[in-house]
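Here is the naming used below: chain letters follow the sequence lines, and residue numbers restart at 1 for every chain.
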2 protein chains.
Amino acid sequence: MTDEVDRLVADWHRERGDLDLSAVEVFSRVGRLARHLDLARRKAFSAHGIEPWEFDVLAALRRSGEPYRLSPGQLLRETMVTSGTMTNRIDRLAERGMVRRLPDPADRRGVQVQLSATGRRAVDAAFEGLLASEHQLLSGLSGRDRTTLAGLLRTLMAPFDSPAD
Amino acid sequence: MTDEVDRLVADWHRERGDLDLSAVEVFSRVGRLARHLDLARRKAFSAHGIEPWEFDVLAALRRSGEPYRLSPGQLLRETMVTSGTMTNRIDRLAERGMVRRLPDPADRRGVQVQLSATGRRAVDAAFEGLLASEHQLLSGLSGRDRTTLAGLLRTLMAPFDSPAD
DNA sequence: CAGTGTTATCTTGACGTCGAGATAATGGAG
DNA sequence: CTCCATTATCTCGACGTCAAGATAACACTG
């Protein structure tokens, strides 16, 4: 059983037999898989009328728990985007009625982004759809394999976790 | 040992204890890891004065072997971008002297993109740098673990491989 | 060989993100 | 108090990508 990446590695090996390509076997698959997952995510969300970037913001608010309120600064750290991008995202989500901007009572520079009831319904439905879709994709792996995979990925993530991120 | 994703899952579990979050353990890590890898890739390439998108195109030409010549259509299929994007990329690579556009002798609609000597030197150096960087990131895993991980990822990729991709 | 659907590439306009900088408020040091 | 470095958010211009459509050439059909 060979896949895209096996062919990629075979090509490189033919051209550059002097190089150790073992890293490519892992990282190229991570990259491609992430790409396919993005598409699957987009598809799962489209059934609920939301975009991946919308989900990212709404989900951060949703999982922060009651009262579903975070500052733009907290949101941009959760979602790994710049402040300009977050301003734009909040604008568009507010236009759609998914969130509201409230003044921060303790800091007049600050703003609180409040998830609306509409937004909460949307993000809950979208998340359930996403889980169903991802569950499908995982069906090829046993429970034991899933745990192994999650563990190996966590190990790989470790260097990126806290330091100067 | 807990990571970002453990915290994410814990948050969701507190808010939505009714849902099975095992898929998140895997896919959220794949997505985040891919993001960090993109940054690491960008950093590794910057030492050689090229951008990730440049590498993607040049590497496709390089690993195709002599005479390092592919059509824009082949390139866009290799790199998973649209035709408009590829036209733009070839334009910029040609400006930098990394590739040349040649007419396709067999099809007057067609074009052949030819890797230049400069382009070949650049992509070879960049690839070596990338492998060194990725080797570092893999150092936390034993050879056995790497093989296991690559295998599990390949299994996950299988549904995406040939069908209507 | 005329007609027609397909293929290959390029063009265009809209969109989302980034990076740098602007604005405004805060909090600590002297 | 007054400075001043820091923090929070927003603004603006540039850039890369995409989607849709334009153009041109090919290849099959009758």
For Arg109(A), give me all partners under side-chain hydrogen bond (donor to acceptor under 3.5 Å, both in side chains), at least two apart in sequence or on another chain. Asp107(A)
Please list, in numerical order, the residues of residues 40-65 of chain B that have a heavy atom closer than 4.0 Å to any atom of DNA chain C. none
Applying side chain to side chain contact (heavy atoms under 4.5 Å, CB included), can you list everything that pairs with Ser83(A), at least two apart in sequence or on another chain? Leu76(A)
Pairing residues for Pro52(A) by the side chain to side chain contact (heavy atoms under 4.5 Å, CB included) criterion, not counting sequence neighbours: Arg41(A), Arg42(A), Phe45(A)
With B for base contact, S for sugar-phosphate-only contact and - for none (protein heavy atoms under 4.0 Å), nucleotides 2-14 of chain D reads -----BSSBB---
Apply side-chain hydrogen bond (donor to acceptor under 3.5 Å, both in side chains) to Ser22(A) and list each qualifying residue two or more places apart in sequence or on a separate chain. Asp20(A)
Taking salt bridge (charged side-chain N to carboxylate O under 4.0 Å, His left out) as the definition, give me every residue that meets it alongside Arg120(A), ordered by chain and number, with sequence neighbours left out. Asp124(A)
Please enumerate all residues that pass side-chain hydrogen bond (donor to acceptor under 3.5 Å, both in side chains) together with Thr85(B), with sequence neighbours excluded. Thr82(B)
Glu25(A): salt bridge (charged side-chain N to carboxylate O under 4.0 Å, His left out) partners, not counting sequence neighbours: Arg29(A)
Round to a whole Å and report the spacing from CZ of Arg35(A) to C1' of dC18(D). 12 Å
Applying side-chain hydrogen bond (donor to acceptor under 3.5 Å, both in side chains), can you list everything that pairs with Arg100(B), at least two apart in sequence or on another chain? none
Basic-acidic side-chain contact under 4.0 Å: Arg96(A), Glu54(A): yes
For Arg92(A) and Arg108(A), find the nucleotide of DNA chain C closest to each by heavy atoms; which residue's nucleotide sits nearer the 5' end? Arg92(A)
For DNA chain C, note the earliest and the latest nucleotide, 5' to 3', having some atom under 4.0 Å of a heavy atom belonging to chain B. dT7(C) to dT11(C)
Run the side chain to side chain contact (heavy atoms under 4.5 Å, CB included) test against Asp11(B) and tell me which residues pass, sequence neighbours left out. Arg63(A), Arg14(B)
Rounded to the Å, how far apart are Asp38(A) CG and dC18(D) P? 12 Å
